[in-house]
**Student:** 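The structure is given below, and queries will be raised subsequently.
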Amino acid sequence: MSSDHDDLPLPAGGDAATDDTITGSGLLAEKAKRLQKLDAMRDSGANPYPYRFDRSLTLHDLRARFGDLEPGTETSTEVAVAGRVMLLREQGKLVFATMRDRDGEVQLFVSKAVVGDDLFAAIRDLDLGDWVGVHGTVMTTRKGELSVKVQRLELLSKAVRPMPDKWHGLTDTDTRFRQRYADLIVNEEARRTFRVRHAIIASFRHTLHERGYIEVETPVLHVEAGGAHARPFITHHNTLDMQLFLRIALELHLKRLIVGGMERVFEIGRIFRNEGISTRHNPEFTMMELYQAFADYSEMIEITETLITRAAVDATGSSVVQIFHPDGSGQTAVDLAQPWRRARMIDLVHEATGVAVHPSQPVEELRALAAQHGVPVNPRWGSGKIIEELFENTAEHTLIAPTFVTGHPVEISPLARVDRHDPFLTERFELFVGGRELANGYSELNDPVEQRARFEDEQAAKDAGDAERGSVDEDYLRALEFGLPPTGGLGIGMDRVAMLIAGVNSIKEVILFPTLRPEAF
RNA sequence: GCCCCUCUAGCUCAAUGGCAGAGCAGCGGACUUUUAAUCCGUUGGUUCAGGGUUCGAAACCCUGGGGGGGCACCA
C-alpha cells in the first residue's frame, strides 16, 4: 500500500483545504486520519502490517482456564493473545479495552505505569476495529472482570474504516447482506446463526461418515440439467464452444456411482435454479443428497429424521426447534426427537377437501375438484399432477410439525420407483416442516426400460411447452443398463434445515453472501 | 413481472411544509479498577438520484435506483 491515498479526492483549494479534510470527521476525513497513523508508524520504522503473531491460547481457552479467578487477583501467568479491539474505555492513566477473537472476549488492562509513556500513547491512539496482539499477565479487576494486564502490544492490522455503532450494531438489511463482514463483526446474532449452520453441516458429515457413506464430488457443469424440475442457468465453454447448464440437482451423477459399485455416497453441494428470489429461495443453494444400495425409501425416512434431529442437538444442544407458521401467525415449539408424522399425499388431500382422490381417477373428476377449490389447472396435466396441485393448495400450509408426505403419483415422480402395492403411486416422500419442503427421497427407479418410458413422458411434456420438465438422458439410461441395485435416495435442502434449527425466517440469514443486485460504487 | 413499505452524518435514529438534530464513533480536555465508563467542549450533511408543486420541500407529486415484505414463479 502506498502512502499517497489516491482513493481520496483531492480537495480543490490547496493545502488549507487538505488540512480541513484531515480535521473534519466525515468518512473520508476519518479514513485519512487513520491512514496518517499508519504513515507515522512507518516513519518511525515500525511495520503496521506485521506478517504473523504467535498467540499462546484463544480467548475461549483463556476464559476456560482462568474464568474462576477471584476478584482482584494478580497472577504471574504470561499469555499471548490476539484479536480485534471492540471497545475502549479511558480512565486517566489506565485504559480498558475489550478484545475479541473468534471464540471469546477478554478485557485488556493497560496501565501507563506498566507500559511506559510511548506505548500508553500508542494504545490511546488505537481505533475501534484494530487487530492487536498482546503479551501480558492474567488478572481480574476489583469487580472480577477477567483481564490481561498488558506488558507489550502490537498492531496487527489497522481498521482504516470506522466500525458500525458499537451498541446498536448494523440493522440495515441491505448493508448487513452486502457487507457481511461488517455484520459478522458487530452482530452476535449473525455470528450465532452461521455457527449453527456450519455445525449442522459438520453434523451431517459426521453422521454420514459414521454410517459408511463416501463423500464425493460430481460435476457442476452439465450438458443437460436433469434430476429435478427447474429452470437452469445457462453458460458457455469457450474451447469446446458449447452451451452448458449449471446443475439443478445432484441425483443422476450420484446414482451412476451406485451403478459403479460405491454402495453409499453423498454430496453436499451447491445447486443453481434460475427462478425467483424470496425468503425461502436463493438462486444458488446447498443440497445434500445421498444414495444407498440395497435400501428403499423407508430407510431414507429413518435417516432423514436422524440427520436433522442430531444436527439440531449438535448445533444448538437441544432437539427443540421453533417453527414459524407459514401464514406469519407465530411460532410453535416442536421437539424433533418425537416421532414424525407420516401421511400419504392422497389422504392429506382427502382430509383437506373431504373427497377421496387417487391418480387412477378420471382426470375430469379431479379437474372439477380443483375448480371447487379455486386451483387453476393446466389442460396438459394428468390426474397425478392435479392431485399434487390440490395438495399444495389445500394441505401443504397446514403441515407445521415435521411430516413425511408419502405416495406421490407416478406422473410427478419420473425417477422414483412405483409403489409395490399401488401402480399409480411411488415409494416416495417429502418432508414438510412449517409448511415448507425440506427433503425429498424415494426408492430409486432402477429398471432401464421403465426409466426410458418415464423420460420419454418428460420429454413429451417439455416439447408440449412445459420448460421445466426433463429430457431423455441417454448416458444415465446406459448406466442403468449395467444394473443399478435396489437403492434408496434422499435430498435435503441444507439452507432450509439451517433456517429451521437456527430459528430464522429468511434464507438470506443463513447464506453468508446471498444473491443481490450489484452495488453501485 | 405486479402490489405495498422503506432509503436523513461512518453507524443507530429524530425532525410531517417553516433555521436539518440527537446518541454512538471521531477530535480536544479531566479521571489509576472501567464494563455501551462518566463528565466538559467540539467537528461532521449532495436528506438515494433527477425533475416538479410551493414564498419555502428531508417531508407533497412524477420518473429512476437500492433494499425489505407479499403475490406470481418455484420438486
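As the structure is a prediction and not an experimental result, all values here were calculated from the model. Below, chains carry the letters A, B, ... as their sequence lines are ordered, and counting in each starts from 1.
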**Student:** Write down the distance separating the P atoms in B:G44 and B:G21, rounded off to the nearest Å.
**Tutor:**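 Approximately 11 Å lies between the P atom of B:G44 and that of B:G21.
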
**Student:** Could you tell me whether the side chain of A:Asp127 has a donor or acceptor atom within less than 3.5 Å of a complementary atom in the base of B:G26?
**Tutor:**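 Looking at the base of B:G26, it does not pair with any donor or acceptor on the side chain of A:Asp127 (distance under 3.5 Å).
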
**Student:** Would you measure the distance from the C1' atom in B:C7 across to the matching atom in B:A58 and give it in whole Å?
**Tutor:**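 My reading of the C1' atoms in B:C7 and B:A58 gives 11 Å.
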
**Student:** Can you say whether the rings of A:His222 and A:His253 are parallel (under 30°), tilted (30 to 60°) or perpendicular (over 60°)?
**Tutor:**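 It falls in the tilted class, 30° to 60°.
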
**Student:** Are A:Thr171 and B:U12 close enough that a side-chain N or O sits under 4.0 Å from OP1 or OP2?
**Tutor:**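 Answer yes for this pair, as a side-chain N or O of A:Thr171 is under 4.0 Å from OP1 or OP2.
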
**Student:** Choose from B:G67, B:U12, B:U33 the nucleotide whose nearest atom is closest to any side-chain atom of A:Asp172.
**Tutor:** B:U12

**Student:** Quick one: which of B:U34, B:G70, B:G26 gets closest to the side chain of A:Lys143?
**Tutor:**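 Looking only at side-chain atoms, A:Lys143 lies closest to B:U34.
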
**Student:** How far, in whole Å, is B:A20 from B:G45 if one measures between their P atoms?
**Tutor:**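 Pairwise P distance, B:G45 against B:A20, rounds to 14 Å.
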
**Student:** Taking atom types as modelled and ignoring hydrogens, do the side chains of A:Tyr297 and A:Glu299 form a donor-acceptor contact shorter than 3.5 angstrom?
**Tutor:**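 No, A:Glu299 and A:Tyr297 have no side-chain donor paired with an acceptor closer than 3.5 Å.
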
**Student:** B:G66, B:U12, B:A75: which one has an atom nearest the side-chain heavy atoms of A:His229?
**Tutor:**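 Nearest listed nucleotide: B:A75.
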
**Student:** How many Å lie between CH2 on A:Trp167 and P on B:U12, as a whole number?
**Tutor:** 16 Å

**Student:** Identify which nucleotide among B:G68, B:C27, B:A37 has an atom closest to any side-chain atom of A:Leu516, counting heavy atoms from C-beta outward.
**Tutor:**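 Among the listed nucleotides, the one closest to the side chain of A:Leu516 is B:G68.
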
**Student:** With A:Arg454 as reference, evaluate A:Glu458, A:Glu450, A:Glu456 under the side-chain hydrogen bond (donor to acceptor under 3.5 Å, both in side chains) test and give the passing residue.
**Tutor:** A:Glu450

**Student:** Any side-chain donor-acceptor pair under 3.5 Å between A:Arg192 and A:Asn187?
**Tutor:**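 The answer is no; no qualifying pair exists.
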
**Student:** Using a heavy-atom cut-off of 4.0 Å across all strands, would you classify A:Gly169 as base, sugar-phosphate, or nothing?
**Tutor:**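 Counting heavy atoms under 4.0 Å across all strands, the contact made by A:Gly169 is with sugar-phosphate only.
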
**Student:** Looking at B:U34, does its base get a donor-acceptor pair with the side chain of A:Gln107 below 3.5 Å?
**Tutor:** yes

